[in-house]
Amino acid sequence: MNTNTKEQTYANWPLDYGDPNWFLHDRFGLFIHFGLYAAGARHEWFMTHEKIHPDVYNRYFEHFEPDLLDARVWARAAKNAGMKYVVITTKHHEGFALWDTKLSDYKVTNTPIKRDLLQEILAAFREEGLKIGLYHSLIDWHHPEFPIDGLHPQRDKQDNTGRNMNKYVDFLHGQVTELLTEYGQIDYLWFDFSYPHRDWEWSKGKGATDWKAAELEKLVLDLQPNILLNDRLDLNRGVITPEQYQPNEPVKKNGLPVIWEACQTMNGTWGYHRDNLDWKSTEMLLKMLIDTISKGGNLLMNVGPNGRGEFDQRSLDRLHGIGEWMRLHARSIYGTTHSEYQVPADCRYTQKGNRLYLHIYSWPFRHVHLKGLAGKVKYAQLLHDASEVYFRVFDPEEIITSTETKIDSRSIVLDLPVQKPNVIVPVVELFLED
Ligand code: JFZ
């Protein structure tokens, strides 16, 4: 018998990729961008924004000493916010390694802090039961073999004499091998990023061929067969990663659903940015989380710790607010997904089997009409306090058709209190007939 007939469930998930079920269940992760750019404190791209030469950028290396970094505090903050996995930058475009790599001197153990911070961080998050993801930059603005292109800090030179991409690729594959052999089980690898379509005339953007991406992917799967991969290797597979925008509807490809994960900042930048004031409110961030799940995706929410190794108070406040909500509403998030029911205005549905969750973004005056649910709801309650919500079903014979009230015969109408409950986004849990 041919056992090899299993079909793909998701358009972007090859059968030889790891089992994504934990990821689809867990829904909510913490992204951490931490590197030398924390000290510059003005966006993780400032090395190239300001065209800084590695010799000058070295000052951040020489002064990198996040002495207050207690990874257990980070891990607890994530866990209390309801996050179930973490994705931490091992190396960003600046090229600095947050672990004790043997392939370069440009690493955390050669800075004043001297410690292998990656090891501490992974241990602490595992201790709190979170799954582990690594962000790894394909781009490297420090490595002397990495060919200069239009994104590179030294782009004004327009000269690649002495730079050999093959040598850089060996280094890239070598560092990935270290990360996947010396740091225990890695659940998710988040490569960043490919830009093959960019063209500056004197240079082109880099993509799958440049990274030897198919080879790299095979290496990763050989070393860690259960690992999940994102889509930024330019191989047209893996978790799709909308960045700093929310898809408008559930994401599909060739008629099949896809696995996707929005990544979002709290203030528009990924690395710590001292003077940036573009902070989203806790309410906006929470609504982004719910919105993502209602469209069948995951949310990876970023914190950029500061140069002392602490989460900024503004980030902590937001994580805390989300955590308060998650404590009471976790079951409308974990294991849920998009619902096919037509959602009323200013609301989002999530669904898990016969539990349907109505998230009310804008509190209405006493009634919400839910289409297509007549005869299908056994019981309804507010989720945060398990208080019953009355609802009425209208028999088609008894439809009220005065000019004021026209009720769709297939709808139910919820009776809500006038006062909005004291939670950021109230949720009505609807128990559907089996
Ligand atoms: C990338 C990184 O450059 C950024 O610093 C951060 O780590 C984010 C999560 O991922 O963001 C991108 C990716 C692609 C482009 C720009 C930013 N692009 O194609 O211009």
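Indexing begins at 1, ligand by ligand and atom by atom, following the structure's order. Keep in mind it's a predicted model, so treat the numbers as computed, not measured. FYI, the numbering just counts along the sequence from 1.
- In this structure, Gln342 places its CD atom where only 12 or fewer heavy-atom neighbours from other residues, nucleotides or ligands lie under 6.0 Å away.
- Ring-centre distance between Phe311 and Phe34: not below the 6.0 Å cut-off.
- Ranking protein heavy atoms by distance to atom 8 (C) of ligand 1, first place goes to Glu243 OE2, 3.4 Å.
- Short contacts between ligand 1 and Phe31, defined as distances under 4.0 Å to a heavy atom of the residue, involve ligand atoms 9 (C).
- Proximity of Tyr195 to ligand 1, defined as any heavy-atom pair under 4.0 Å, is not found for any part of the residue.
- Close N/O approach between Arg232 and ligand 1 is found [any backbone or side-chain N/O within under 3.5 Å].
- Considering only non-hydrogen atoms, atom 2 (C) of ligand 1 lies nearest to Asp192 out of Leu151, Thr89, Ile139, Asp192.
- Put simply, part of Trp45 is less than 4.0 Å from ligand 1, judged by heavy atoms.
- For the pair Lys131 and Phe23, the cation does not sit on the ring face, since its NZ or CZ is not both under 6.0 Å from the ring centre and inside 45° of the axis.
- Close approach of ligand 1 to Tyr135 is summarised as follows: ligand atoms under 4.0 Å from at least one heavy atom of the residue are 7 (O).
- Of the candidates Tyr57, Trp45, Trp141, Tyr57 is the only one forming a side-chain hydrogen bond (donor to acceptor under 3.5 Å, both in side chains) with Glu94.
- In this structure, a donor-acceptor pair under 3.5 Å is absent between the side chains of Tyr135 and Asn230.
- What sits closest to atom 19 (O) of ligand 1 on the protein, heavy atoms only, is Phe193 CE1, 3.4 Å.
- Scanning the protein for heavy atoms near atom 7 (O) of ligand 1, the closest one is His33 NE2, 2.7 Å.
- For an aromatic pair to be called close, the ring centres must be under 6.0 Å apart, and Phe64 with Phe96 satisfies this.
- Proximity to His93 (heavy-atom distance under 4.0 Å) selects the following atoms of ligand 1: 2 (C), 3 (O).
- For atom 4 (C) of ligand 1, the closest heavy atom belonging to the protein is Glu44 OE2, 3.5 Å.
- More than 12 heavy-atom neighbours from other residues, nucleotides or ligands sit within 6.0 angstrom of CG on Asp156.
- Checked against a 3.5 angstrom limit, the closest N/O atoms of Trp190 and ligand 1 fall outside it.
- Side-chain atoms of Arg237 and Asn12 include no donor-acceptor pair closer than 3.5 Å.
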